[in-house]
Number of protein chains: 2
Amino acid sequence: MTSTSVARPDEVRRYNRASLLRLLHVTGPCTRAALATELGLNRSTIKTLVDGLAETGVVEERVPRSSRGAGRPSLLVLPQPQAAVVLAVDVQVEHVAIALVGLGGQILGRNRWNLHGRMREPGEVITHVVESTQLLAADLGVSPVAAGISVPGVARRSDGYVHEAPNLRWTGVALGERLGAGLGIPVTVGNDAEFAALAEHLRGAARDSGDVVFVSADIGVGGGVIAQGTSLRGGGGYVGEIGHMIVRPDGRSCYCGNVGCWETEVGEAALARQLGLAEDSPRGAIVAELRLLDEAGTAPERLAEFAEWLTLGLVSIVNVLGPELVVLGDLFTVLPQPVLDGVAEQVRERSMVSRAVGGVRVEKSALGADVKLLGAAESAFEGVLDTV
Amino acid sequence: MTSTSVARPDEVRRYNRASLLRLLHVTGPCTRAALATELGLNRSTIKTLVDGLAETGVVEERVPRSSRGAGRPSLLVLPQPQAAVVLAVDVQVEHVAIALVGLGGQILGRNRWNLHGRMREPGEVITHVVESTQLLAADLGVSPVAAGISVPGVARRSDGYVHEAPNLRWTGVALGERLGAGLGIPVTVGNDAEFAALAEHLRGAARDSGDVVFVSADIGVGGGVIAQGTSLRGGGGYVGEIGHMIVRPDGRSCYCGNVGCWETEVGEAALARQLGLAEDSPRGAIVAELRLLDEAGTAPERLAEFAEWLTLGLVSIVNVLGPELVVLGDLFTVLPQPVLDGVAEQVRERSMVSRAVGGVRVEKSALGADVKLLGAAESAFEGVLDTV
DNA sequence: CTGTAAATGTTGTGAGCGACAACATATTCC
DNA sequence: GGAATATGTTGTCGCTCACAACATTTACAG
């Protein structure tokens, strides 16, 4: 099957304008001259595009405060946050966060609420997201033109059908359709780790890498992949479930029906177990225990087995996907630094592909608790930037 | 980092012509009308493009033999094999095969020789490829405009640097550079499984799938991935090494320095072991033994453990990458059908992502011994179709 | 303070491209 | 044999960006 997308002459402009807007959106304000060199377009072409965008208020032009270097100073082009606003939703097991994000990536306003009991049911979540969005939008005087929603589960890209979100106890939810109907705007639904990977790639630790794997331990273990600068998706637009890679065939059984999934060795429950806590300990207790270990300097020894399983899974992932960079998120970011350093070094040494690539890096997420939210926003922007 | 490739008005034509040529190359002769509907371009545009190609002899137009349906019959557009010829090289451990492949994918001529002793050294292989190509080209009266070379190892896409090809005992060979200098044409070097995946995607079992994983057991176990219709590559253009995914942490040590690589459980040596043969048995002995087992009907039992490890690795791969289809190549294709059927069923049942995607298929390679050669040719064509 | 060089903004011209409509041609079916 | 259908062909049109020439603004040297 060949992808038979052809180019049209009038698509040239739309495409170039979207490229320009994406550059402004991701890297922030730019001078006209910088846009020209960065995009490789002629000065006159840039002028036409920027003029058009300025006319509709999408960007604003200003004389720069101070200019360095000789020559006439170039006009500064600033994206106007209000010009294009998207809704970002991050559904997690314990709470839902929403945000309205403007062009340029700035969070204009946000809200969140906890989930318990009936509140966790799909219908309830959808209703609350719609209501909360309307309030927030009215409050800010903006109206979003698209939405991205992050879900900890297996979601289909095309229509936002959530096949399974085990920790929410969701199965077969037409989330995209139902939320789209409620909000009246296009909605993209994605796996949380997939969105997190996107956010780290555009605005976080992986800003300079086109081949990245994001791995995080929330309750389950999830992963998102950026390959050659774009999100990697499988058949039907479903994204992989890295946590269900089998690493220990003689290990514990997993809810997915298999035995020895990576998640059973490096997920939240496994970490609690390794720390000598109950498997269902609250997140706070786990973090506190990690802090104590770190201060006592006994972290590396106590977490040796955990680190080994983390290393092992990462080695497999690096060998299969060959990224330049692995970004660790959620619970992994609170692991004591010596443990992380040890894992990073081991992964570099023990993965065959890392040696070829020239040493894969392993780093912590740079965006903190907002990663998934920001990723959802970026996903929504993907479909917006060429229509503005 | 944003990919800042912009569109140029004059690139529109080149791009569309390349799309047209690619369609002809991959799917064979087409009517003008079919080209128009398939590409979504206007009839007049198709005429201009086809006329241009016919003038330079790249395609030929013919009135079709018989036309079905009402209306004026559309002219048939046939790609001319001689119009663009590429060299395909498949370096394996025991032999080297070369072929000259014409536009449309037809093999115009081929040659092969065995490797032993000094013949396996990089310099020798390069010299023989160059000489053999010149003879073959002269013989056929054609001259290749690009080359693709398949290597069982880790190769960098950008410049064809082979970092490591363990079974050839190659390390750090500037294959692309040296072969390019010898042949005087651009050379793309790739991993054998990567090329095989490409070939199966374009002309084999995966013709209708955009998300495919090709897995094969030669001496080692290799894998190639097609995601969203294009080859998946990691950092620096290196492709992953699926065979070095760790599946059995308490297993055997692998030459890569790790323990329990998939390759050590489902590679050629492992298969021989499972069959009760010596680990270094020749390929022929293994195949013969498999045949015997199949006839005796005792294959499933004797190969149960092997099948389990194969299943396990495939489950992991399916969970990580979520393909629609897994294509098995090389030694895996001679496994008795009941074994393959069992593995396919198990993978479908036990991989979480398969259940979401709607049941991943597991099939045998459809292109036989020529897969890697054809993949190398297609890889070479990728850079050629937009210059013809 | 003035002149020069460097960098950028602005304007107009030109060539290339595909869409589209109108007309010409060929085939099938009734 | 005529109508309907499908395709080939031609010319016009609007769109895009490259390019060159000119105008403007700044830094720097003397």
Side-chain angles (χ1 to χ4, degrees), chain A residues 4-21 23-24 29-56 59-78 386-387, chain B residues 4-21 23-24 29-56 59-78 386-387:
Chain A
T4 54
S5 70
V6 289
R8 303 262 159 66
D10 55 319
E11 276 172 21
V12 171
R13 171 166 229 172
R14 259 239 301 272
Y15 182 82
N16 286 344
R17 190 168 62 172
S19 298
L20 194 156
L21 221 46
L23 190 64
L24 283 174
C30 270
T31 63
R32 280 200 191 181
L35 290 172
T37 53
E38 195 69 27
L39 292 173
L41 284 175
N42 197 284
R43 288 204 303 263
S44 55
T45 309
I46 296 292
K47 173 190 156 60
T48 319
L49 291 175
V50 171
D51 280 354
L53 291 170
E55 219 167 78
T56 52
V59 301
E60 200 187 10
E61 289 190 286
R62 260 211 332 244
V63 284
R65 236 178 294 277
S66 68
S67 60
R68 62 201 179 290
R72 175 175 173 176
S74 193
L75 284 172
L76 203 60
V77 183
L78 302 103
D386 54 356
T387 63
Chain B
T4 54
S5 70
V6 290
R8 303 264 159 65
D10 56 319
E11 275 171 22
V12 172
R13 171 166 229 171
R14 258 240 302 271
Y15 182 81
N16 286 343
R17 190 168 63 172
S19 298
L20 194 157
L21 221 46
L23 190 64
L24 284 174
C30 271
T31 63
R32 280 201 192 181
L35 290 173
T37 53
E38 194 69 28
L39 292 174
L41 284 175
N42 197 283
R43 289 204 302 268
S44 55
T45 310
I46 296 293
K47 174 190 155 59
T48 318
L49 291 175
V50 171
D51 279 355
L53 291 170
E55 219 167 78
T56 52
V59 302
E60 199 186 12
E61 289 190 286
R62 260 213 329 245
V63 286
R65 235 179 294 277
S66 67
S67 60
R68 60 201 181 292
R72 175 175 173 177
S74 194
L75 283 173
L76 203 60
V77 182
L78 302 103
D386 54 357
T387 63

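From a predicted model like this one, the values you see are computed outputs, not experimental measurements. In what follows, chains are A, B, ... by sequence order, proteins preceding strands, each numbered from 1.
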Ignoring backbone atoms, establish whether [X] has a side-chain N or O less than 4.0 Å from OP1 or OP2 of [N].
| X | N | value |
| --- | --- | --- |
| B:R13 | C:dC17 | yes |
| B:T45 | C:dA19 | yes |
| B:N16 | C:dC17 | no |

Just how far, in rounded Å, is [atom2] of [N] from [atom1] of [X]?
| X | N | atom1 | atom2 | result |
| --- | --- | --- | --- | --- |
| B:R14 | D:dC17 | CZ | C1' | 15 Å |
| A:R17 | D:dC17 | CZ | C1' | 15 Å |
| A:L76 | C:dT8 | CG | P | 14 Å |
| A:L20 | D:dC17 | CG | P | 11 Å |
| A:L39 | D:dA18 | CG | C1' | 15 Å |
| B:R62 | D:dT7 | CZ | P | 19 Å |

A:L53: side chain to side chain contact (heavy atoms under 4.5 Å, CB included) partners, not counting sequence neighbours: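 So A:L53 forms a side chain to side chain contact (heavy atoms under 4.5 Å, CB included) with A:R17, A:L20, A:L21, A:V58, A:V59.
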Pairing residues for A:T31 by the side chain to side chain contact (heavy atoms under 4.5 Å, CB included) criterion, not counting sequence neighbours: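 Expected list: A:A33, A:A34, A:S74, A:L76.
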Polar atom pairs (N or O), protein with nucleotides 9-11 of chain D, under 3.5 Å:
from  : atom 1 : to    : atom 2 : distance (Å)
D:dT9 : OP2    : B:R32 : NH1    : 2.6
D:dT9 : OP2    : B:R32 : NH2    : 3.4

Flag side-chain contact, heavy atom, 4.5 Å: B:L23 against B:L35: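 Heavy-atom side-chain distance check passes, below 4.5 Å.
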Side-chain touch A:L41/A:L49, heavy atoms, less than 4.5 angstrom: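 Result yes, sub-4.5 Å side-chain heavy-atom pair found.
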B:S44: side-chain hydrogen bond (donor to acceptor under 3.5 Å, both in side chains) partners, not counting sequence neighbours: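 B:N42.
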Residue list, side-chain hydrogen bond (donor to acceptor under 3.5 Å, both in side chains) with A:E61, at least two apart or on another chain: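 Scan of A:E61 (side-chain hydrogen bond (donor to acceptor under 3.5 Å, both in side chains), adjacent residues dropped) gives A:R32.
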